[in-house]
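Just so you know, ligand 1 is whichever comes first in the structure, and atom 1 is the first atom listed for that ligand. These numbers come from the heavy atoms of this one structure, side chains and all, not from hydrogens, waters or symmetry mates.
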Amino acid sequence: MTTRRPIYLDCDTGIDDALALAYLLASPLASVVGIGTVSGNVSAAVGARNTLDLLALAGAADVPVALGANDPLAASFHGGAPWVHGSNGVGEVELPASGASLAAESAAAMLVRLARAYTGELRVVAIGPLTNIARALELEPSLVQSVTIMGGAALAPGSITPVAEANIWHDPEAAALVLAADWDVTLVPLDVTMASVLEETHRQALLASSAPVPRALGEMLAYYFRFYEGIYGRPCSAMHDPLAAALAVGAVKAALAPVVHAAVDTSDGPGRGQTVCDMRGLYAGYPPVKGARCRVVLSLEDDFGPHLVETLLGHFEGTTAALAEAGSVA
Ligand code: RIB
Ligand code: CA
């Protein structure tokens, strides 16, 4: 009997965020109990629109979505990454518009409310800049949850700068607060996400699905692949956010994930937004470090791409068939 873990997802719904959300809705190990949006790939408002629309397409319009921070703690929203995710955040794919409304509370307030409601059980999955998580800590300093963050780079180079990954770079002050808080964090950095590639064969399998959600994701990925072809030299993409989601629910296991001290450079110099992870244990096989709270996932036991596609197709084709049988699908 698998146990569904209650999940709060904090996202900047762009293309890989959409994959992560669809994956969590499809996973038998997860129950998405709330979603907050934050500016990053797109504005928090556009991310909320995309999230509502994807939830409706997935038959999950009952999942509450709260609008989070438009601006990072110490700056203004920079305008998003249309060259990566498209101007609408989902690869210029037009999703059917949801009729659902946003929750009345802020994303930070929703996170605090859910942490209290699911005491000790809630799993926080942060796949955008960490502004909402930092705001929630300001509201509730004793907020202690299982936190999985897609962000940073430990031994690998950065993305948005030579040393900084996008989610951290967008709000280094928030990331510094979140990594310094009194809780255990699992960091899913570029070290492992850039090594977990989704190939064109995977995308074609999604496009060929009988279900609308996998097809929409396959269409979104066409845009994402064009960006990443410039990095990998072939049409494919990293799977940053869905990998963080799969690690958070325990569906995917890390092969190497040392627990180390980690901080964030909040200076205005060339290191701004860098996750400074103390990886000096590398040469001794990462012996235990006293007081360390940041588990840095460096590699996986198995390839993630097939698991992602199988989970998405298995769930959404199954539910579509069931709805068709019930005569509810046009
Ligand atoms: O660096 C990758 C991260 O930045 C992902 O979360 C992607 O969606 C962007 O937000
Ligand atoms: Ca994201």
Polar atom proximity, [X] to ligand 1 (N or O, under 3.5 Å):
X	answer
Gly128	no
Tyr224	no
His240	no

Just the protein N/O/S atoms under 3.0 Å from the Ca ion (ligand 2), please, no waters.
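Those protein N, O or S atoms (cut-off: under 3.0 Å from the Ca ion (ligand 2)) are Asp12 OD1, Asp17 OD1, Asp17 OD2, Ile127 O, Asp241 OD2.
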Nearest heavy-atom pair of Ala134 and Val178: which atoms, and what distance?
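Scanning both residues completely, I find the closest heavy atoms to be N-CG2, 3.9 Å.
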Heavy-atom side-chain contact between [X] and [Y] under 4.5 Å:
X	Y	answer
Glu219	Leu221	no
Val289	His261	yes
Arg135	Ser106	no

For [X], take its heavy atoms, then give the atoms of ligand 1 lying under 4.0 Å from any of them.
X	value
Asp12	10 (O)
Asp16	5 (C), 6 (O), 7 (C), 8 (O)
Met150	2 (C), 3 (C), 5 (C), 6 (O)
Ala166	1 (O), 4 (O)

Considering only heavy atoms, does Asp17 approach ligand 1 within less than 4.0 Å through its side chain, its backbone, both, or neither?
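Just the side chain.
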Counting heavy atoms only, which of Val42, Asn41, Val38, Ile168 is nearest atom 9 (C) of ligand 1?
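The option holding the nearest heavy atom is Asn41.
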Candidate with minimal heavy-atom separation from atom 2 (C) of ligand 1, of His85, Met239, Glu165
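Going through His85, Met239, Glu165 one by one, Glu165 has the nearest heavy atom to atom 2 (C) of ligand 1.
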Might you confirm whether atom CZ of Arg4 has over 12 heavy atoms from other residues, nucleotides or ligands at distances under 6.0 Å?
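Counting neighbours around CZ of Arg4, more than 12 heavy atoms of other residues, nucleotides or ligands fall under 6.0 Å, so yes.
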